[in-house]
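Right, one structure below, let's go through it.
Numbers here are sequence positions counted from 1.
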Amino acid sequence: MITDQQEQQWIEQLIASDKATSTKLDKQTKEALIYISSHLLPFYTHYATDEGISVSQVMQKVSKWDIQQWQAAIDELKEDGWLPEEDARVTAMGKLAGVSVGMMMSAIASLAVLKMTRENLKVAQARINSDRDAEFDRMNALFDKKITRDELPPAINLMNDVWLTGDRTIMTISGELVKRLSGFNSTEEFQDFLSSQTSSGSSRKKSMSDLLLSQTATIAMIVRTQSAKMKFEINMLAYRKNDVEW
């Protein structure tokens, strides 16, 4: 029989796991914002006048200087190596980056999302795998008749869900950045857009920080949902094996 104390300890453990996962994902979001700021602020200061960046500047063709900035951004991420899922995306971003200054800037921001998504996947998949092992051990500790690893449901692979979330973020920030670039009146305003989080309930447009944190929240939700589904299936295996009817 599962006691109230055991159930409470299990709940507290789940809450602690969720907090630990969120902390790791938040750290990756901050790292992505640092990358974006370090590469996009030089663009803004290079092109901006006292009135900011004009629409014509945003839409103008890329220069040799722009291409050098793109290469520097690529080289920084290449230090960690590309995953197969990133190769095709980087190639597509490179083509878009050559269209205009605005598209170049949005492509560089998208590179940050690529790295962030890759790191999100590592955290999410590690959490799912850990939860699977922990639930297997927990249920076997509670009942006399043990379930075997061969009886466990197939391991959940979060790759498709996580990369799809990243692709949606890339589409959103790319459109938002190009659309809003000519609306900033100073470097400080642009920097605020990159790093400040919009207050809850504010009518102010979403910042880059908001858009990336939206991905973080989605990934955390995917982890919780898939983990709960997996644990339920493992629970059912243990209950049936031990003739639990209710």
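Checked for salt-bridge contact, K115 and E119 miss the test: no charged N lies under 4.0 Å from a carboxylate O. In summary, E86 and R118 engage in a salt bridge, as defined by a charged side-chain N under 4.0 Å from a carboxylate O. Here D133 pairs with R149 in a salt bridge; the nearest charged N to carboxylate O distance falls below 4.0 Å. At a threshold of 4.0 Å, the pair D26-K19 does not count as salt-bridged, since none of the basic side-chain nitrogens sits closer than that to a carboxylate oxygen.
When each of I173, V178, L96, L40 is checked for a side-chain contact (heavy atoms from CB on, under 4.5 Å) with S106, only V178 meets the rule.
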With salt bridge (Lys or Arg N to Asp or Glu O under 4.0 Å) as the test, would you mind laying out the steps for R127 and D18 before giving the verdict? CA-CA 9 Å; R127 165 72 187 281; D18 284 343; 2.9 Å; yes
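Side-chain contact annotation: S110 with S174, donor-acceptor N/O pair under 3.5 Å present. Under 3.5 Å, the side chains of H39 and E76 contain a donor-acceptor pair of N or O atoms. A donor atom on one side chain and an acceptor atom on the other are found under 3.5 Å apart for S56 and S54. E151 and T148 share a donor-acceptor pair across their side chains, judged by distance under 3.5 Å alone.
Each side chain to side chain donor-acceptor pair (under 3.5 Å) pair with one or both residues in residues 211-223, not counting sequence neighbours, appears once here: T29-T216, T117-Q215, N120-Q215, T169-Q215.
Aromatic rings of W65 and F43 (six-membered ring for Trp) have centroids within the 6.0 Å cut-off, being under it.
Residues S63 and Y47 share a closest heavy-atom pair of OG-OH, 3.6 Å. Across every non-hydrogen atom of S182 and V55, the tightest pair is OG-CG2, 3.5 Å.
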